[in-house]
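Just below is one structure, and these are the notes that go with it.
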Amino acid sequence: MTLTRTLLASLASAALSLAGSSALAQTPAKLKVGLMLPFTGTFAALGTAIENGFRLHVAENGGKLAGREIEFVKVDDESDPAKATDNVNKLIKRDNVDVLIGTVHSGVAMAMAKVAKDSGTLLIVPNAGADAVTGPMCASHIFRSSFSNWQPGYAMGEVMAKKGHKKVVTITWKYAAGDESVRGFKEAFEKGGGKVVKELSLPFPNVEFQSLLTEIAATKPDAVYTFFAGGGAVKLVKDYAAAGLKKNIPLYGAGFLTDGTLEAQGADAEGLMTTLHYADSLGTPRDNSFRLAYAKTFKMQPDVYAVQGYDAAQMLSIGLNAVKGDVSRKAEFADALHKARIDSPRGAFTISRSNNPVQDIYLRQVSGKENKLVGIASKALADPGRGCRL
Ligand code: BEZ
């Protein structure tokens with residue numbers, strides 16, 4: 001009798017533990033996503049828009065990607081390259097994240113890419129255009145949902161050469177993004193017959209433009225090409241107009257000059273022409289539904305940064321679905337992305353061999369509070385991926 005009771009008890013406990021383990025097997029562990037973005041400083045609004053966009057896609061999927069619930073671990077990288085390696089190491093070693101999403105600033109992104117490459121951690125860059133990330137530093141598990149700095153610059157070089165401008169001055173922040181944007185611009189502009197006669201810059205994130213604007217006035221170029229973003233873009237556009245330059249020397253830029261900034265720039269931005277992989281008035285059903293959902297959720301209009309965050313989540317989702325949520329299957333994850341057409345609000349795009357978007361670059365013009373679509377400046381533009389060996 002005692003033996004029967006013992007036997008029954010152990011059978012019952014075995015059944016319970018079996019049931020428990022099958023329940024566990026059906027509930028995959030949460031996917032830890034390390035969001036390393038600027039939440040303070042001149043790029044703070046850009047970091048928030050990226051996070052919003054990412055969360056919107058996750059929410060549209062019921063809070064899960066490839067069946068795994070998402071747990072976010074956030075770090076404010078302050079757009080400070082000096083703190084970047086420590087910040088990313090904390091996410092990997094202390095927080096054990098499965099995937100890194102970040103960041104905005106090219107200098108910080110290069111430090112992230114180095115650590116991600118050395119540690120084999122999956123990284124999706126939702127903004128920073130540092131050419132090196134999908135160039136010499138490229139890796140099969142490092143992707144970008146945004147652009148390379150070369151892309152909008154190159155497209156604007158073609159536009160301005162076709163407009164017949166011959167003599168151009170450039171002005172930007174002296175760091176990878178500014179330098180590479182100007183280099184892309186110069187490559188196309190000089191190929192098209194123009195000449196960059198002066199390259200002006202100031203250290204990031206300085207915004208004391210006065211002496212540089214005086215130099216532009218003295219040089220009297222046909223036009224100016226610029227790369228600035230966030231708070232710096234707001235100040236440049238306002239100072240350029242206040243210096244009386246806007247009416248005589250047209251200002252053009254990579255589209256970050258006027259994206260997410262128009263409320264603050266007001267009439268000083270009116271009429272400015274820029275090139276970017278997004279515009280406010282695309283009018284496609286895909287973009288309209290994205291814009292509606294974003295505005296409803298966050299009570300603000302989306303911008304290019306929101307789109308890039310949303311698409312980082314879409315790319316993660318595509319890769320994860322292919323590997324059934326197992327981030328260690330990196331080759332299959334990459335393969336899925338190389339075969340995909342990402343159904344972005346910007347228009348569908350593909351991923352190059354060096355893991356950068358191949359995408360249309362639009363010419364836009366500011367009208368009121370919108371970057372209105374003028375046309376396609378460069379169709380399916382692929383970054384050359386110079387130095388990438390994959
Ligand atoms: C960059 O550092 O790569 C960057 C920052 C803001 C907007 C665009 C690019």
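Counting convention: from 1, in listed order, for ligands and their atoms alike. On a predicted model such as this, the values are computed, not experimentally measured, just so you know.
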Side chain, backbone, both or neither: which applies to [X] and ligand 1 if a contact is any heavy-atom pair less than 4.0 Å apart?
{"X": "Phe228", "result": "neither"}
{"X": "Phe147", "result": "side chain"}
{"X": "Ala229", "result": "side chain"}

task = Begin from the C-alpha positions of Asp335 and Lys339 and carry the test salt bridge (Lys or Arg N to Asp or Glu O under 4.0 Å) through to its verdict.
result = CA-CA 6 Å; Asp335 203 40; Lys339 288 186 180 134; 2.8 Å; yes

task = Look at atom 8 (C) of ligand 1 and say which protein heavy atom is nearest, naming residue and atom and giving the distance to 0.1 Å.
result =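 Looking at atom 8 (C) of ligand 1, the protein heavy atom closest to it is Asn127 ND2, 3.5 Å.
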
message = Just to confirm my output: which protein heavy-atom neighbour is closest to atom 3 (O) of ligand 1, and how far is it?
response =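 Going atom by atom, the protein heavy atom closest to atom 3 (O) of ligand 1 ends up being Ser106 OG, 2.7 Å.
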
Atoms in ligand 1 flagged as close to [X], the criterion being non-hydrogen separation under 4.0 Å:
{"X": "Phe227", "value": "4 (C), 8 (C), 9 (C)"}
{"X": "Ala177", "value": "1 (C), 2 (O), 3 (O)"}
{"X": "Asn149", "value": "3 (O)"}

Do NZ/NE/NH1/NH2 and the carboxylate oxygens of [X] and [Y] come within less than 4.0 Å?
{"X": "Asp259", "Y": "Arg364", "value": "yes"}
{"X": "Lys90", "Y": "Asp95", "value": "no"}
{"X": "Arg286", "Y": "Asp343", "value": "yes"}
{"X": "Arg291", "Y": "Asp280", "value": "yes"}

key: Tyr252 ring center within less than 6.0 Å of Phe189 ring center   =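 Between Tyr252 and Phe189, which both carry aromatic rings, the centre distance is not below 6.0 Å.
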
Can you confirm, on distance only, whether ligand 1 has an N/O atom lying under 3.5 Å from any N/O atom belonging to [X]?
{"X": "Tyr175", "answer": "yes"}
{"X": "His105", "answer": "no"}
{"X": "Leu46", "answer": "no"}

task = From the options Val104, Thr103, Leu257, select the one whose nearest heavy atom is closest to atom 1 (C) of ligand 1.
result =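 The option holding the nearest heavy atom is Val104.
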
message = Tell me the closest heavy-atom pair linking Tyr294 and Met300, and the distance in Å.
response =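 So the minimum-distance heavy-atom pair works out to CD2-O, 3.4 Å.
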
Criterion side chain to side chain donor-acceptor pair (under 3.5 Å) on Tyr278 and Ser344, from CA distance to verdict = CA-CA 10 Å; Tyr278 190 56; Ser344 170; over 6 Å; no

